[in-house]
Amino acid sequence: MIIRGMNLPLIIACIVIVLALIILPLIVSYKAEKKEIQNKNEWDKIKDYGNKINNKTREKY
């Protein structure tokens, strides 16, 4: 199945590049998703800020 004229290091380099192009985005997205789970999303931040303002308002009266 090896094409004539292609030497082994070139074939191995192509395979490594293809694997890197497949695996690297998966690793990056996994880390980003893991980090997002640890941090609050925007709606939770808005809700917490609203509750903070409401509590301050209630304390005044």
Side-chain angles (χ1 to χ4, degrees):
M1 185 152 151
I2 296 177
I3 300 173
R4 290 184 193 185
M6 291 186 73
N7 49 1
L8 190 60
L10 181 61
I11 295 172
I12 292 173
C14 290
I15 291 172
V16 168
I17 290 171
V18 168
L19 287 176
L21 289 173
I22 293 172
I23 293 175
L24 255 66
L26 292 175
I27 293 171
V28 170
S29 65
Y30 174 75
K31 287 184 178 182
E33 186 176 333
K34 188 175 178 182
K35 185 177 179 182
E36 183 179 315
I37 291 172
Q38 290 175 349
N39 295 335
K40 292 182 180 180
N41 62 19
E42 291 299 317
W43 289 111
D44 289 336
K45 290 178 185 178
I46 292 169
K47 186 172 76 172
D48 289 343
Y49 183 72
N51 288 337
K52 181 178 161 185
I53 291 174
N54 287 338
N55 289 337
K56 284 183 180 179
T57 306
R58 288 182 191 132
E59 289 173 3
K60 286 182 181 179
Y61 297 109

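From a predicted model like this one, the values you see are computed outputs, not experimental measurements.
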Do the side chains of Ile15 and Leu10 join up, straight or via other hydrophobic residues, at under 4.5 Å, putting them in one cluster?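 In one cluster with Ile15: Leu10, yes.
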Check whether Val16 and Leu8 end up in the same hydrophobic cluster, where Ile, Leu, Val, Met, Phe, Trp and Tyr are linked by side-chain heavy atoms less than 4.5 Å apart.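 Per the 4.5 Å side-chain linkage, Val16 and Leu8 are co-clustered.
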Charged N-O contact under 4.0 Å between Glu42 and Lys45: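 Salt bridge: yes.
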Please report the interatomic distance CG(Asn54) to OH(Tyr49), rounded to the nearest 0.5 Å.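 Here the interatomic distance stands at 11.0 Å.
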Atom CG in Leu24, atom CG in Leu19: separation rounded to 0.5 Å?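 Nearest 0.5 Å value for the CG-CG distance: 10.5 Å.
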Mind listing the closest non-hydrogen atom pair of Pro25 and Ala20 along with its distance?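 Between these two residues, the closest heavy atoms are CD-O, 3.9 Å.
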